[in-house]
Amino acid sequence: EIISGADLEVLRLADEALEPSKAIHGTAVASVLIGNDQSRVPGLIREARVVAVDAFGRVGSDERADLVSVLRGLDLLAGRDVRVINLSIAGSDNLLLRDTVNTLVEERGITIVAAAGNGGPRADPVFPSGYGNVIAVTAVDTGGRIYRRAQRGAHLDMAAPGVNLLAATSVRGARLKTGT
């Protein structure tokens, strides 16, 4: 119900040898964007078209995305003329990721938004949010207080609600989620 009827396309690009992701995080993010206004999660831009790339696979209870899947997903989105890309990933600096982000932003004019990371206030910047041409977003609660586990630093561009935010966990269910 929450995201049913929305203009949503999901593409799975993870290593086929891995178990599929549970799509929990992606479902939550999509619901905040394009949730149903008749549900508990009304969505911010219901009329938007969302192309979700699931680059994650499961290893035990851990979900992981490899660099090749992430780069393939970025290439696929650029090829579909997507103008804004949200990257809810956080990792180490990587030359291939940095070059791809630079090409997409500087040459293709694509806006990239990325999570600041949940490593805590003293953690070093993570990537891609640590790249200067990426909009780095941290999380705040309804009172404007920064999320206690959110990373901090001069590289951050903005803060958005991200503490106890109601988001879809499945097509029908919703629960409170927290993170950048």
Around R122, counting heavy atoms of other residues, nucleotides and ligands shown, do more than 12 lie under 6.0 Å from its CZ?
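It does not: R122 CZ has 12 such atoms or fewer within range.
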Is atom CZ of R58 surrounded by more than 12 heavy atoms (other residues, nucleotides or ligands) closer than 6.0 Å?
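Correct, the count exceeds 12.
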Do S129 and H155 touch side chain to side chain, with heavy atoms closer than 4.5 Å?
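Contact flag for S129/H155 side chains = yes.
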Could you check if a side-chain atom of V82 sits within less than 4.5 angstrom of a side-chain atom of I110, using non-hydrogen atoms only?
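When only atoms from C-beta onward are counted, I110 and V82 do not touch, as no gap falls below 4.5 Å.
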Verify the distance criterion only: is there a donor paired with an acceptor across the side chains of N102 and N133 at less than 3.5 Å?
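Yes - a donor-acceptor pair under 3.5 Å links their side chains.
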Can you tell me how far the [atom1] atom of [X] sits from the [atom2] atom of [Y], to the nearest 0.5 Å?
X: D99; Y: L95; atom1: CG; atom2: CG; answer: 4.5 Å
X: L165; Y: S31; atom1: CG; atom2: OG; answer: 8.0 Å
X: I112; Y: N86; atom1: CD1; atom2: CG; answer: 10.5 Å

Tell me, please, which residues at least two apart from R149 pass side chain to side chain donor-acceptor pair (under 3.5 Å).
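For R149, no residue satisfies side chain to side chain donor-acceptor pair (under 3.5 Å) once neighbours in sequence are set aside.
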In chain order, what residues pass the side chain to side chain donor-acceptor pair (under 3.5 Å) check against D7, with sequence neighbours excluded?
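For D7 there are no side chain to side chain donor-acceptor pair (under 3.5 Å) partners, ignoring immediate neighbours.
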Step by step, would you call L18 with F56 a side-chain contact (heavy atoms from CB on, under 4.5 Å)?
CA-CA 9 Å; L18 300 177; F56 290 82; over 6 Å; no
Would T178 and N118 count as a side-chain contact (heavy atoms from CB on, under 4.5 Å) if you check the C-alpha gap in whole Å, the side-chain angles of each, and the deciding distance to 0.1 Å?
CA-CA 10 Å; T178 298; N118 300 323; over 6 Å; no
Stepwise side-chain contact (heavy atoms from CB on, under 4.5 Å) test for D93 and R98
CA-CA 7 Å; D93 188 9; R98 184 180 338 140; 2.8 Å; yes
Residue pair R49, E9: steps toward the side-chain contact (heavy atoms from CB on, under 4.5 Å) verdict
CA-CA 8 Å; R49 177 172 187 266; E9 178 181 7; 2.9 Å; yes
